[in-house]
Amino acid sequence: MSAVMQTKASPVSMVPAGIDLVEYYYERGFTDGLPVVPPTREKIDEIVARLGGDADFVEARVAPRWGELTREVLAINMVMAGCKAEYAPVVLAGVKAITDQAFNLNGVQATTHVASPLLVVNGPIAREIGMNGGVNAFGSGNRANATIGRALRLIMLNVGGGWPGDLDKSTLGHPGKYTYCVCENELQSPLAPYHVEHGYKPEDSTVFAMAAEAPHSVTNHISNDPEGILDTMCSAMSTIASNSAVLGGHIAVVLGLEHAQTIGKYGWSRADVRNYLYVNHGNRFIDLAYGHRYGKVYNRNLPKYYKREDDTRIPIVHSPDHIHLFVMGGEAGRFSVLIPGWGSMSTPVLRAVDGANAESSDCTSGACAI
């Protein structure tokens, strides 16, 4: 079997038959550390057709090397990741999201922080391609979740040049730097989907991208009301250890299904949840200043409108709109997840899979009461 390969000098060339392709790709340095699927011409052409044809069309330039991502090269990386052709619109939307200027992929790729792009898919396409937002959503076992996220990472490596130790300077990284892609559990959620909160129609499909730490488990098997569950989440948010505590920015809050159903039973809206979390989390300024034991060394990234008094409450995020709320998980287990972001250096991006625009105004302020 012959396969197509990508090189720096020439985007594609043929590998002679008889070569151990798995080992060949390892030797060429085109993998993320795991074996890749040899990209045959037939598979590449099928994906290019899904993307609209014209293999040389440049969809994006990928930082920090600023390599040009043609449809053919995108297809090659999708095949190597193990994607089906029908995943192409989601992968492309993910690429468009992380290469949006607001996302600052150049910084995300090169930072010493652990940040990796988290993708959350909403809308009918997640169900059509068989994504998992239920049991073990962030774990193994689902082809679409695993390979869509992996395709994005291979593009960041092979086109963006974000190789560890070279342009990727992450001190530790985290497992999401292999793949970090999930969807909401819309069918069982008591709350409206994330993309509907942001003005899209339920029948629209979207991809949300955020530079993110790994998921932090939030456990509460006791509370049977919204306040108790959300107080536990506030506790997880209120740490001086995350990048958000130092640099603000955005966080994702993932309510497990049991927690979400308890909250929904009391009629709480998405805006209610986000505002409760914002108002009731945070740290004292004196704690963020380490009790002044190192002198009057203050965080220069704190907004000027915060008082620098010992007992002043300093929130992790500076607006309830910076709390991105999702519902995921299986039917059993009173667990949720907190996902801190990278800080104020990257802004999450929400993008429609088919390029559609939000029909109504963003409802994050609570005006829609969903």
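Residues take their numbers from the sequence shown, with the count starting at 1.
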Please determine whether side chain to side chain contact (heavy atoms under 4.5 Å, CB included) holds for the pair His250 and Thr347, giving the CA-CA distance in whole Å, both sets of side-chain angles, and the decisive distance to 0.1 Å.
CA-CA 7 Å; His250 298 251; Thr347 299; 4.3 Å; yes
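- In this structure a side-chain-to-backbone donor-acceptor pair under 3.5 Å is present from Thr179 to Ala146.
- Around the CD atom of Glu68, the shell of radius 6.0 Å holds no more than 12 heavy atoms that belong to other residues, nucleotides or ligands.
- The aromatic rings of Tyr194 and Phe208 lie perpendicular to each other, with more than 60° between the two planes, well past the 30° mark.
- For the side-chain contact (heavy atoms from CB on, under 4.5 Å) with Pro89, the lone residue among Asp354, Ile125, Val207 that qualifies is Ile125.
- Nearest approach of Leu154 to Phe30, heavy atoms of both residues: CD2-O, 3.8 Å.
- Distance alone, capped at 3.5 Å, places no donor-acceptor pair between the Asn106 side chain and the Ala110 backbone.
- In this structure, Thr262 and Asp225 have side chains that are not in contact, with every pair of non-hydrogen atoms separated by 4.5 Å or more.
- Contact of the Asn280 side chain with the Leu230 side chain is not registered, since no non-hydrogen atoms from C-beta on lie closer than 4.5 Å.
- Salt bridge status for Arg41 with Glu72: present, with a side-chain N to carboxylate O gap under 4.0 Å.
- Nearest approach of Ala252 to Phe326, heavy atoms of both residues: CB-CE1, 4.4 Å.
- Around the OH atom of Tyr290, the shell of radius 6.0 Å holds no more than 12 heavy atoms that belong to other residues, nucleotides or ligands.
- Using cut-offs of 30° and 60° for the angle between ring planes, the Tyr180 and His174 rings count as perpendicular.
- Contact annotation: the side chain of Phe138 approaches that of Leu118 to within less than 4.5 Å [non-hydrogen atoms, C-beta and beyond].
- Using a distance-only test at 3.5 Å, with no hydrogens or angles considered, a donor-acceptor pair links the side chain of Asn142 to the main chain of Gly130.
- Counted by atom type alone, Asn122 and Glu186 present one or more donor-acceptor pairs between their side chains at under 3.5 Å.
- No donor-acceptor pair under 3.5 Å is formed between the side chain of Asp32 and the backbone N or O of Tyr178.
- Between Ile286 and His292 there is a side-chain heavy-atom pair separated by less than 4.5 Å.
- No side-chain donor-acceptor contact under 3.5 Å links Thr206 to the backbone of Ala352.
- Asn185 places no side-chain N or O within donor-acceptor distance of the main-chain N or O of Val327, the cut-off being under 3.5 Å.
- Residue Lys43 qualifies as open at atom NZ: its count of foreign heavy atoms under 6.0 Å is 12 or below.
- The minimum heavy-atom distance linking Ala211 with Ser346 is given by the pair CB-OG, 3.8 Å.
- Counting heavy atoms from C-beta on, the side chains of Leu105 and Met156 come closer than 4.5 Å.
- Counting heavy atoms from C-beta outward, His216 and Ser242 have side chains that stay 4.5 Å or more apart.
- Across Gly29 and Asn158, no two heavy atoms sit closer than the pair O-OD1, 4.1 Å.
- With sequence neighbours excluded, the residues satisfying side-chain hydrogen bond (donor to acceptor under 3.5 Å, both in side chains) with Ser336 are His259.
- Without hydrogens or angle criteria, Glu59 side chain to Leu69 main chain gives no donor-acceptor distance under 3.5 Å.
- Between the side chain of Asn283 and the main chain of Leu288, no donor-acceptor pair closer than 3.5 Å is present.
- Across Val254 and Met233, no two heavy atoms sit closer than the pair O-CE, 4.5 Å.
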Please report the C-alpha distance between Val253 and Leu338 in whole Å, then the side-chain angles of each, then the deciding distance to 0.1 Å, and finally whether the side chain to side chain contact (heavy atoms under 4.5 Å, CB included) criterion is met.
CA-CA 5 Å; Val253 169; Leu338 169 70; 4.3 Å; yes
Met328 and Val120: CA distance, side-chain angles, deciding distance, side chain to side chain contact (heavy atoms under 4.5 Å, CB included) verdict:
CA-CA 10 Å; Met328 298 178 198; Val120 183; 3.8 Å; yes
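- Partner of His113 under the side-chain contact (heavy atoms from CB on, under 4.5 Å) criterion, chosen from Val108, Thr171, Asn243: Asn243.
- You'll find the side chain of Pro315 reaches within 4.5 Å of the side chain of Tyr306, heavy atoms only.
- Crowding of Lys169 atom NZ: a count of heavy atoms from other residues, nucleotides or ligands under 6.0 Å exceeding 12.
- The number of heavy-atom neighbours closer than 6.0 Å to CD of Glu203, taken from other residues, nucleotides and ligands shown, is above 12.
- When every heavy atom of Asn104 is checked against every heavy atom of Met345, the shortest pair comes out as ND2-O, 3.1 Å.
- A salt bridge is defined here as a Lys NZ or Arg NE, NH1 or NH2 lying under 4.0 Å from an Asp or Glu carboxylate O, and Arg351 with Asp100 fails to meet this definition.
- Within the 4.5 Å cutoff, no side-chain heavy atoms of Glu213 are placed close to those of Ser244.
- Looking only at distances, a side-chain donor or acceptor of His281 sits under 3.5 Å from a matching main-chain atom of Ile316.
- Between the side chain of Asn220 and the backbone N or O of Gly228, at least one donor-acceptor pair lies under 3.5 Å.
- In summary, Asp321 and Arg274 engage in a salt bridge, as defined by a charged side-chain N under 4.0 Å from a carboxylate O.
- For the residue pair Arg153/Ser116, the side-chain donor-acceptor check at 3.5 Å is satisfied.
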